[in-house]
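Reading through the structure tokens given below for one structure.
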Amino acid sequence: MKSVIVVGAGIWGSSLALRLADDGWRVTLVEQHRPGHLRQASAGETRLLRCAHGGDEWYTRLAWQARDGWRRLEERAGEELYLEAGMIWFAGTPDGWEHTSAQVLKNLDIECEVLDPADGGRFFPDFRGDDLSFLLREPYAGVIRARRATQVTAALARDAGVRLVRARALPVRDEQTGSHLSAVEIDGERQHADRVVWACGAWLPALFDGLPMTVTKQDTLHFAVPPAWSLPETPAWVDHGAAAYGHGDVDGVGMKASTDGEGPPYEPEHGERVVDPAGVEQARTYLRRRFPSLAQAPVLFTQVGQYALTPDAEWLLAETAPGVWLLGGDSGHGFKHAPALAGYVAGVLDGAYEPEPRFGPHERTPARELRTSGRPR
Ligand SMILES: Cc1cc2nc3c(=O)[nH]c(=O)nc-3n(C[C@H](O)[C@H](O)[C@H](O)COP(=O)(O)OP(=O)(O)OC[C@H]3O[C@@H](n4cnc5c(N)ncnc54)[C@H](O)[C@@H]3O)c2cc1C
């Protein structure tokens, strides 16, 4: 039986552990805290699922496959994790990112609709779109109950035979050559496996030198809103040009309205988790412009997370030494893909195919196309 140690029980590590156990591997999943702990990027209350990725077909397809993956996971878990309320993209120009996205969605037979800005009133109780060129609607997009989905995935992995170890793992190097070994060190003891996958999110750059990755603090804001602003009546929304996104209320935590613009550098293990008041004002300014009746909505709930950003927002999946794999650099757009990404990575670990060159540890050229925002904060 092939063996693997996956380090990190965020949504990427937990989904991979579950997939490999299903495929017949002997799997150990090492997590320094608990699956769903609040410092994980995966512990956000909610995460969006969208297929639109500008001109990129690879991620568009993967997101579409992931939608099926979430449905299968829900069936297995017996609970609703993915709320398919749809998503409206606010396009500021006729021929920009949203136009390209619509072309790709149509080419891949993923349903979408181009609408007049005046149609915004059909989806939001109050909407101002006089600065917009058009709306792009993805009916099969929506919102994932992220923290819950992470806990459920890790629990299903355990049910499928994964050994979950609560410990901080360290990489191990060969004393002679200095290259990494397919092993982890836990409390001074070495554990070996055929493959080791370091799925450590924002902790990865502190474990491995020279990665094309920076970690930034990201504040998430939820505002108290009247009942009409709840899912599924009020869908998810993204203004790519303004780096603003959100969705209607889910589970009573309020309407999400945040920025995808990158925040200041951040240390995920010890950084204080208090939101920046300037970000609250920024979100309010956006709400006032787009949904005027929410201009005075009070903040109800906040969370601080972190992005593990690569310059081009392409992920990292690279073998640093035989059997030693780094999986990270989610760049703030990895949650939705997790079930499908796990299948892709499982094939790589099995030797069925090589990872796409785009995921390599090479120097990256800065680009924002894969992000939910077209401009920095
Ligand atoms: C504010 C915000 C909004 C986002 N919005 C979206 C969205 O709408 N849609 C979307 O698809 N994605 C979104 N994302 C991105 C998404 O949350 C991430 O892509 C995803 O959660 C990454 O999961 P992960 O498993 O790689 O990392 P994490 O969830 O951070 O998990 C890494 C885990 O590794 C563990 N670990 C690290 N080092 C060690 C060690 N040495 N030993 C043991 N354990 C270790 C950590 O404790 C942690 O639990 C957003 C992210 C943020 C911050």
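Whatever order the structure lists ligands and atoms in, that order sets their numbers, starting from 1. Counting begins at 1 with the first residue of the sequence. Computed from a predicted structure; not experimentally measured.
- Using a 4.5 Å heavy-atom threshold, the side chains of Val197 and Val7 count as separate.
- You'll find the side chain of Gln40 reaches within 4.5 Å of the side chain of Glu31, heavy atoms only.
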For residues 134-145, run the donor-acceptor check on the side chains, cut-off 3.5 Å, and write out each pair with its distance to 0.1 Å, sequence neighbours left out.
residue	atom	partner	partner atom	Å
Arg137	NH1	Glu113	OE1	2.8
Glu138	OE1	Cys51	N	2.8
Glu138	OE2	Cys51	N	3.4
Glu138	OE2	Ala52	N	3.1
Glu138	OE2	Trp89	NE1	3.0
Arg145	NE	Asp251	OD2	2.7
Arg145	NH1	Glu80	O	2.9
Arg145	NH2	Asp251	OD1	2.8

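- The residue from Glu314, Lys336, Glu369, Arg50 that alone fulfils the side-chain hydrogen bond (donor to acceptor under 3.5 Å, both in side chains) condition with Tyr59 is Glu314.
- The closest approach between any non-hydrogen atom of Ala169 and ligand 1 is below 4.0 Å.
- Of the protein's non-hydrogen atoms, the one nearest atom 19 (O) of ligand 1 is Asp330 OD2, 2.8 Å.
- The protein heavy-atom contact nearest to atom 36 (N) of ligand 1 is Gln32 NE2, 3.5 Å.
- At a 4.0 Å cut-off, at least one heavy atom of Ala199 sits close enough to ligand 1 to count as contact.
- Applying the 4.0 Å criterion to heavy atoms of Ala167 picks out, from ligand 1, the atoms 42 (N), 43 (C).
- Between Ala43 and ligand 1 there is no heavy-atom distance shorter than 4.0 Å.
- Across Ala338, Gly332, Gly329, heavy-atom proximity to atom 13 (C) of ligand 1 is greatest for Gly332.
- Protein heavy atom nearest atom 27 (O) of ligand 1, with residue, atom name and distance: Gly201 CA, 3.7 Å.
- Taking distance alone, with nitrogen or oxygen atoms compared against 3.5 Å, Gly334 approaches ligand 1 more closely than that limit.
- The ligand atoms of ligand 1 that sit less than 4.0 angstrom from a heavy atom of Thr220 are 1 (C).
- When heavy-atom distances to ligand 1 are checked against a 4.0 Å cut-off, Gln40 comes that close through both its backbone and its side chain.
- Close placement of the Trp58 and Tyr344 rings is indicated, their centers lying within 6.0 Å of each other.
- Nearest to atom 30 (O) of ligand 1 among the protein's heavy atoms is Ala41 N, 3.0 Å.
- Near Arg168, the atoms of ligand 1 lying under 4.0 angstrom from a non-hydrogen atom of the residue are 41 (N), 42 (N).
- For ligand 1, the atoms closer than 4.0 angstrom to any heavy atom of Tyr245 are 3 (C).
- No side-chain donor-acceptor contact under 3.5 Å links Asp330 and Tyr307.
- In this pair, Phe335 and Trp70 present their aromatic rings parallel. The plane angle is below 30°, not in the 30 to 60° band.
- By the rule that hydrophobic residues join a cluster once side-chain heavy atoms approach within less than 4.5 Å of another member, Tyr82 and Trp237 end up as members of separate clusters.
- Listed by atom number, the atoms of ligand 1 under 4.0 Å from Gln306 heavy atoms are 53 (C).
- Where the criterion is an N or O separation shorter than 3.5 Å, residue side chain and backbone included, Trp203 fails it with respect to ligand 1.
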Requested in this report: Run the numbers on His333 and Thr372 for side-chain hydrogen bond (donor to acceptor under 3.5 Å, both in side chains), then give the verdict.
Outcome: CA-CA 8 Å; His333 69 103; Thr372 21; over 6 Å; no
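- Annotation: side chain of Trp203 is not in contact with side chain of Trp198 (no heavy-atom distance under 4.5 Å).
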Query raised in the report: Yes or no on salt bridge (charged side-chain N to carboxylate O under 4.0 Å, His left out) for Arg72 and Glu75, after CA distance, side-chain angles and deciding distance?
Result: CA-CA 5 Å; Arg72 282 196 297 275; Glu75 265 176 44; over 6 Å; no
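- The closest protein non-hydrogen atom to atom 33 (C) of ligand 1 is Glu31 OE1, 3.6 Å.
- Among His333, Arg47, Gln218, Lys336, the residue whose heavy atom lies closest to atom 3 (C) of ligand 1 is Arg47.
- Ring to ring, Trp12 and His337 are not that close: their centroids are 6.0 angstrom or more apart.
- Aromatic rings from Tyr286 and Phe90 are positioned such that their centres are separated by 6.0 Å or more.
- Proximity to Gly8 (heavy-atom distance under 4.0 Å) selects the following atoms of ligand 1: 33 (C), 34 (O), 35 (C).
- At a heavy-atom distance under 4.0 Å, atoms from both the backbone and the side chain of Leu48 approach ligand 1.
- Heavy atoms of His37 approach ligand 1 to within less than 4.0 angstrom.
- Looking at atom 23 (O) of ligand 1, its nearest protein heavy atom turns out to be Ser42 OG, 3.1 Å.
- Listed by atom number, the atoms of ligand 1 under 4.0 Å from Ile11 heavy atoms are 23 (O), 25 (O).
- When side chains are defined from C-beta on, Leu181 counts as touching Arg190, because their heavy atoms get closer than 4.5 Å.
- The single protein non-hydrogen atom nearest to atom 31 (O) of ligand 1 is Gly10 CA, 3.4 Å, given as residue, atom name and distance.
- Checking only distances, Phe335 does come within under 3.5 Å of ligand 1, N or O to N or O.
- Residues Phe223 and Val274 do not share a hydrophobic cluster, defined by chaining ILVMFWY side chains whose heavy atoms lie under 4.5 Å apart.
- Ranking protein heavy atoms by distance to atom 25 (O) of ligand 1, first place goes to Trp12 N, 3.1 Å.
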